[in-house]
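Here the structure is laid out as structure tokens; the discussion comes afterwards.
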Amino acid sequence: AQRVTQPEKLLSVFKGAPVELKCNYSYSGSPELFWYVQYSRQRLQLLLRHISRESIKGFTADLNKGETSFHLKKPFAQEEDSAMYYCALSGSPMEYGNKLVFGAGTILRVKS
Amino acid sequence: KAGVTQTPRYLIKTRGQQVTLSCSPISGHRSVSWYQQTPGQGLQFLFEYFSETQRNKGNFPGRFSGRQFSNSRSEMNVSTLELGDSALYLCASSFRQGEDGYTFGSGTRLTVV
């Protein structure tokens, strides 16, 4: 079965502080992992995908297969980072079809 | 290029009625997926279509159905609406298998009264 766990419903940090949004997954094969962000009153947007290993808006995420984690990190939080963040997993299309399994989401609040 | 377009943005329906939601994917995208978003259950996969064929279906009752047209536009239908169907319904499109990520629409907010 595919499962994504985001243990924190809310993460509150001060501007300039480091941020780590946790994501753990359960999947027996090699997953595709994504982080999506939803700013207030905006649509869900793709932030990162593990396969591209990019850094977007200062955020990075490393896939740790041993710990089955894909935590999202940023060294210095900015107020405009305040949003809902979703971790999502896509398994083998042949086995699970073309779908995303989402975590429950973490609200990030950056205080000034 | 134009993003994923969902219509209508808002709907209010009565229990027992049926509803049809529409999604136009990004030009060139052939895969369209539907998700239900609620405060209690979060984002849940409904179904996915590729080249007019349903490739995958989530764990929803048969009242939820969909289809895809030859131009990749998709519709989903919910019959015999229940109060619990009130949700934000999101459509996402991708080019092939989603390895390049999925682009989401703004959603249709359905309220069942």
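What's counted below: heavy atoms across the whole structure, side chains too, no hydrogens, waters or symmetry copies. By convention in this document, chain letters (A, B, ...) are assigned in the order of the sequence lines, proteins followed by strands, and residues within each chain are numbered from 1. This is a predicted model, so every value here is computed, not measured.
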message: Heavy-atom cut-off 4.5 Å, strictly under: side chain, backbone, both or neither for Y35(B) against chain A?
response: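 Only the side chain of Y35(B) comes within 4.5 Å of chain A.
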- request: Would you mind checking which part of S33(B) comes under 4.5 Å of any heavy atom in chain A, side chain (CB onward), backbone (N, CA, C, O), both or neither?
  value: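 S33(B) touches chain A through side-chain heavy atoms alone.
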Close approach to chain B in residues 59-71 of chain A, criterion heavy atom under 4.5 Å: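 Counting heavy atoms that sit under 4.5 Å from chain B, no residue of residues 59-71 of chain A is involved.
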Between [X] and [Y], is there a shared hydrophobic cluster once you connect ILVMFWY residues whose side-chain heavy atoms come closer than 4.5 Å?
{"X": "L110(B)", "Y": "V4(B)", "result": "no"}
{"X": "V19(B)", "Y": "L83(B)", "result": "yes"}
{"X": "F14(A)", "Y": "L11(A)", "result": "no"}
{"X": "L47(A)", "Y": "V110(A)", "result": "yes"}
{"X": "L72(A)", "Y": "Y27(A)", "result": "yes"}

task: Taking the six-membered ring for Trp and the full ring for Phe, Tyr or His, determine whether the centres of Y36(A) and F104(B) are under 6.0 Å apart.
output: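 Close enough - the centres of the two rings lie under 6.0 Å apart.
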Listing, residues 58-68 of chain B side-chain donor-acceptor contacts under 3.5 Å, not counting sequence neighbours, or none:
residue: R63(B); atom: NH1; partner: S79(B); partner atom: O; Å: 3.1
residue: R63(B); atom: NH1; partner: T80(B); partner atom: O; Å: 3.1
residue: R63(B); atom: NH1; partner: D85(B); partner atom: OD2; Å: 2.8
residue: R63(B); atom: NH2; partner: D85(B); partner atom: OD1; Å: 3.0
residue: R63(B); atom: NH2; partner: D85(B); partner atom: OD2; Å: 3.3
residue: R67(B); atom: NE; partner: E75(B); partner atom: OE1; Å: 3.4
residue: R67(B); atom: NH2; partner: E75(B); partner atom: OE1; Å: 3.3
residue: Q68(B); atom: OE1; partner: F50(B); partner atom: N; Å: 3.4
residue: Q68(B); atom: OE1; partner: S51(B); partner atom: N; Å: 3.2
residue: Q68(B); atom: OE1; partner: E52(B); partner atom: N; Å: 2.9
residue: Q68(B); atom: NE2; partner: R30(B); partner atom: O; Å: 3.1
residue: Q68(B); atom: NE2; partner: S72(B); partner atom: O; Å: 3.1

field: Residue of the set T103(B), L43(B), L88(B) for which side-chain contact (heavy atoms from CB on, under 4.5 Å) holds with L44(A)
entry: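 With L44(A) as partner, T103(B), L43(B), L88(B) yield a single side-chain contact (heavy atoms from CB on, under 4.5 Å), made by L43(B).
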- prompt: Does the side chain of Y102(B) reach to within under 4.5 Å of the side chain of L100(A), using non-hydrogen atoms?
  reply: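 Yes, at least one pair of side-chain atoms sits under 4.5 Å.
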message: Is Q6(A) close to chain B through its backbone or its side chain, or both, or neither, when contacts mean heavy atoms under 4.5 Å?
response: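 Interface part for Q6(A): neither.
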F69(B) atom CZ, neighbour heavy-atom count above 12 within 6.0 Å: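 Yes, the 6.0 Å shell around CZ holds more than 12 heavy atoms from other groups.
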Heavy atoms of other groups near K57(B) NZ, more than 12 under 6.0 Å: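 Yes, NZ of K57(B) has more than 12 neighbouring heavy atoms, counting only those of other groups under 6.0 Å.
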- prompt: Taking R43(A) for the side chain and L90(B) for the main chain, is one N or O donor matched with an acceptor at less than 3.5 Å?
  reply: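 Judged by distance alone, no pair lies under 3.5 Å.
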- prompt: If you take all heavy atoms of Y86(A) and Q37(B), which pair is closest and at what distance?
  reply: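 Looking at all heavy atoms of both residues, the closest pair is OH-NE2, 3.0 Å.
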